[in-house]
Amino acid sequence: MRHLRAAAAISLAISVAAGVTGCGGGTSSAGGSNESPKTLTYWASNQGPSIEADKKILAPELKKFEKETGIKVKLEVVPWADLLNRILAATTSGQGPDVLNIGNTWSASLQATGALLPWDDKNFDAIGGRDRFIDSAVASAGKEGEPPAAVPLYSLSYALYYNKKMFADAGIATPPATWDQLVEDGKKLSKDGKWALGAEGSNLSNNIHQTFVLGQQHGADFFDEEGKADFTSDGAVAAVKQYVDFMAKDKIIAPGNAEYAQNQSLTDFAKGRTAMVLWQAAATTFAAQGMKPEDWGVAPVPVPAGAPGAGKQTNSMVAGINMAVFKNTKNIDGAKKFVKFMTSDEEQKILCKTYGSIPPVKAAQSDPAFAAPELKVLRDTLATSAAPLPQVPNESQFETAVGTAVKELFADAAAGKSVTTESVKARLEKAQQTMQQ
């Protein structure tokens with residue numbers, strides 16, 4: 001997950017990167033070029049349980065690519081805490097990798113630096129065509145109306161995970177389909193030192209993911225049609241208040257969750273201290289912490305009423321990882337070959353199975369592995385009821401400003417302070433002013 005300093009720094013990079021992206025960059029002169037494509041440098045994001053695990057997962061696939069093309073890939077797996085800052089430094093210095101992974105919510109912000117290769121029709125054709133990818137994943141790869149700044153690599157969405165034994169002990173037969181049901185069930189589950197719902201109140205990105213979805217359900221986008229911040233609309237205020245009220249008013253989230261920012265809510269779930277959690281592809285984490293597949297179930301994230309769908313029935317942001325190419329790479333042909341390889345049907349099946357993600361490539365989704373209960377929920381959500389976060393240049397500032405406002409409101413709730421519509425609006429007004437400075 002991104003750190004506060006990384007998200008804030010992107011506005012500075014946008015203002016200066018355009019003047020320097022034409023110099024240097026990519027593989028060194030001793031490496032690859034279009035004339036002699038010997039090597040590529042690839043920054044992969046940390047997707048697995050550790051950096052070493054990612055190296056073991058990716059190494060045989062990169063060897064396969066080298067055998068097919070003669071191009072050696074120099075791999076560096078970059079921790080999430082460092083990734084955005086590393087990318088920003090590369091956009092301003094002109095000294096970066098040839099190919100890199102980016103969080104898909106960063107796409108429009110990094111697109112604005114001018115450092116990334118635009119994926120126009122010609123470039124998409126070089127990797128098999130834009131139509132190979134699901135629409136929602138491509139929509140999260142850059143500003144609407146412009147060629148995407150990246151190509152979808154691993155797709156994810158949110159689901160509601162629930163502890164079957166805790167539900168049975170509380171006499172609850174099925175997971176909640178609406179928020180009213182979740183609160184009603186949550187009050188039955190929150191007793192004897194155990195709680196209904198886990199949250200990561202100090203995790204800015206997670207705060208944004210949850211409140212953005214609730215905002216969609218309240219008819220709020222957080223930005224107007226011109227891309228200007230609009231954090232204090234009735235819908236935006238109601239969305240943030242609803243999320244914080246799970247702790248402040250409904251008392252179904254433990255006060256201690258206000259300080260969580262490092263996946264502690266998943267540990268609580270795995271240890272039977274919390275009955276539900278809203279998360280992306282959590283199965284491998286649960287297994288690593290001793291849970292058996294039969295211990296937990298998965299369902300779509302609740303909606304206000306009825307079933308998930310478009311508009312106010314949106315129940316997830318489009319999550320995932322995109323693959324980008326630095327525009328000034330000395331080996332543009334080799335870089336595109338590598339993107340084509342990583343997004344090929346076969347590699348998508350291999351890598352997404354391993355990481356527990358959903359292939360953004362349509363053909364790969366037909367593999368039976370992605371029909372398992374958890375992945376079916378994630379896949380169906382991604383296809384029918386997920387929306388991309390605002391594709392605006394200052395999206396990262398949005399995550400910082402509003403994510404911090406939600407963090408502060410959770411802190412108030414944990415301290416027993418009243419969280420009112422007026423106090424929520426005041427925090428969001430402060431966040432909007434920060435965006436406008």
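Position 1 is the first residue of the sequence; numbering continues from there. Worth saying up front: this structure is predicted, and the values here are computed from it rather than measured.
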Kindly indicate whether the side chain of [X], heavy atoms from C-beta on, has any atom under 4.5 Å from the side chain of [Y].
{"X": "Leu116", "Y": "Lys327", "result": "no"}
{"X": "Asn263", "Y": "Thr285", "result": "no"}
{"X": "Leu389", "Y": "Glu395", "result": "yes"}
{"X": "Val138", "Y": "Pro152", "result": "yes"}
{"X": "Trp195", "Y": "Leu197", "result": "no"}
{"X": "Gln432", "Y": "Val402", "result": "no"}
{"X": "Asn163", "Y": "Asp295", "result": "no"}
{"X": "Asn104", "Y": "Val318", "result": "yes"}

If I compare all heavy atoms of [X] with all of [Y], which pair ends up nearest, and what's the gap?
{"X": "Ala305", "Y": "Thr178", "value": "CA-CG2, 3.8 Å"}
{"X": "Thr41", "Y": "Asp98", "value": "N-OD2, 2.8 Å"}
{"X": "Leu378", "Y": "Ala159", "value": "CD2-CB, 3.7 Å"}
{"X": "Ala299", "Y": "Pro175", "value": "CB-CG, 3.7 Å"}
{"X": "Leu189", "Y": "Ala196", "value": "CB-CB, 4.0 Å"}
{"X": "Pro359", "Y": "Ala364", "value": "CB-CB, 3.6 Å"}

According to the interplanar angle, ranging from 0 to 90°, do the rings of [X] and [Y] count as parallel (below 30°), tilted (30 to 60°) or perpendicular (above 60°)?
{"X": "Trp179", "Y": "Phe246", "result": "tilted"}
{"X": "Phe398", "Y": "Phe231", "result": "tilted"}
{"X": "Phe410", "Y": "Tyr243", "result": "perpendicular"}

Answer yes or no: is there an ion pair linking [X] with [Y], defined by an N-O contact shorter than 4.0 Å?
{"X": "Asp333", "Y": "Lys337", "answer": "no"}
{"X": "Lys164", "Y": "Glu294", "answer": "no"}
{"X": "Lys362", "Y": "Asp131", "answer": "no"}
{"X": "Asp380", "Y": "Lys376", "answer": "yes"}
{"X": "Arg130", "Y": "Asp125", "answer": "no"}

*Applying side chain to side chain contact (heavy atoms under 4.5 Å, CB included), run through Thr343 and Arg132 and close with a yes or a no.*
CA-CA 9 Å; Thr343 58; Arg132 297 180 59 241; 3.9 Å; yes
Test item: [X] side-chain N/O and [Y] main-chain N/O as donor-acceptor pair under 3.5 Å:
{"X": "Ser423", "Y": "Val419", "result": "no"}
{"X": "Gln264", "Y": "Ala261", "result": "yes"}
{"X": "Asp221", "Y": "Phe223", "result": "no"}
{"X": "Glu200", "Y": "Gln262", "result": "yes"}
{"X": "Asn203", "Y": "Asn206", "result": "yes"}
{"X": "Asp245", "Y": "Asp250", "result": "no"}

[Y] and [X] side chains, donor-acceptor separation under 3.5 Å:
{"X": "Tyr154", "Y": "Asn322", "answer": "no"}
{"X": "Ser202", "Y": "Glu259", "answer": "no"}
{"X": "Ser45", "Y": "Gln47", "answer": "yes"}
{"X": "Tyr162", "Y": "Asp185", "answer": "no"}
{"X": "Gln289", "Y": "Thr267", "answer": "yes"}
{"X": "Asn123", "Y": "Lys336", "answer": "yes"}
{"X": "Glu399", "Y": "Thr105", "answer": "yes"}

*asked:* Between Phe212 and Phe222, is the ring centroid distance below 6.0 Å?
replied: no
*asked:* Can you tell me which residue among Phe286, Phe167, Trp279 is in a ring pair (Phe, Tyr, Trp, His ring centres under 6.0 Å) with Tyr161?
replied: Phe286
To the nearest 0.5 Å, what is the distance between [atom1] on [X] and [atom2] on [Y]?
{"X": "Tyr158", "Y": "Ser385", "atom1": "OH", "atom2": "OG", "result": "14.5 Å"}
{"X": "Leu266", "Y": "Lys271", "atom1": "CG", "atom2": "NZ", "result": "12.0 Å"}
{"X": "Ser396", "Y": "Ile208", "atom1": "OG", "atom2": "CD1", "result": "10.5 Å"}
{"X": "Lys353", "Y": "Ile358", "atom1": "NZ", "atom2": "CD1", "result": "12.5 Å"}
{"X": "Leu375", "Y": "Leu382", "atom1": "CG", "atom2": "CG", "result": "11.5 Å"}
{"X": "Lys194", "Y": "Thr274", "atom1": "NZ", "atom2": "OG1", "result": "10.0 Å"}

For atom [atom1] of [X], is the number of surrounding heavy atoms from other residues, nucleotides or ligands below 6.0 Å larger than 12?
{"X": "Lys349", "atom1": "NZ", "answer": "yes"}
{"X": "Lys312", "atom1": "NZ", "answer": "no"}
{"X": "Asp120", "atom1": "CG", "answer": "yes"}
{"X": "Lys143", "atom1": "NZ", "answer": "no"}
{"X": "Asp169", "atom1": "CG", "answer": "yes"}

*With sequence neighbours left out, write down each residue that passes side chain to side chain donor-acceptor pair (under 3.5 Å) with Thr211, or none if nothing qualifies.*
none
*So Phe338 and Leu40, side chain to side chain contact (heavy atoms under 4.5 Å, CB included) or not? Walk me through it.*
CA-CA 9 Å; Phe338 184 50; Leu40 290 170; 3.7 Å; yes
*Start with the C-alpha distance between Gln216 and Asn315, add both sets of side-chain angles, then the distance that settles side-chain hydrogen bond (donor to acceptor under 3.5 Å, both in side chains), and finish with yes or no.*
CA-CA 8 Å; Gln216 293 284 293; Asn315 67 342; over 6 Å; no
*Within 45° of the ring axis of Trp43 and under 6.0 Å from its six-membered ring centre, is that where the NZ or CZ of Arg86 lies?*
yes
*Passes side chain to side chain contact (heavy atoms under 4.5 Å, CB included), His209 versus Gln280? Steps please.*
CA-CA 11 Å; His209 296 172; Gln280 310 167 22; 3.8 Å; yes
*Take Leu84 and Leu88 through the side chain to side chain contact (heavy atoms under 4.5 Å, CB included) test and state the conclusion after the steps.*
CA-CA 6 Å; Leu84 184 56; Leu88 294 177; 4.2 Å; yes
*In this structure, which one of Thr354, Val73, Leu75 forms a side chain to side chain contact (heavy atoms under 4.5 Å, CB included) with Leu58?*
Leu75
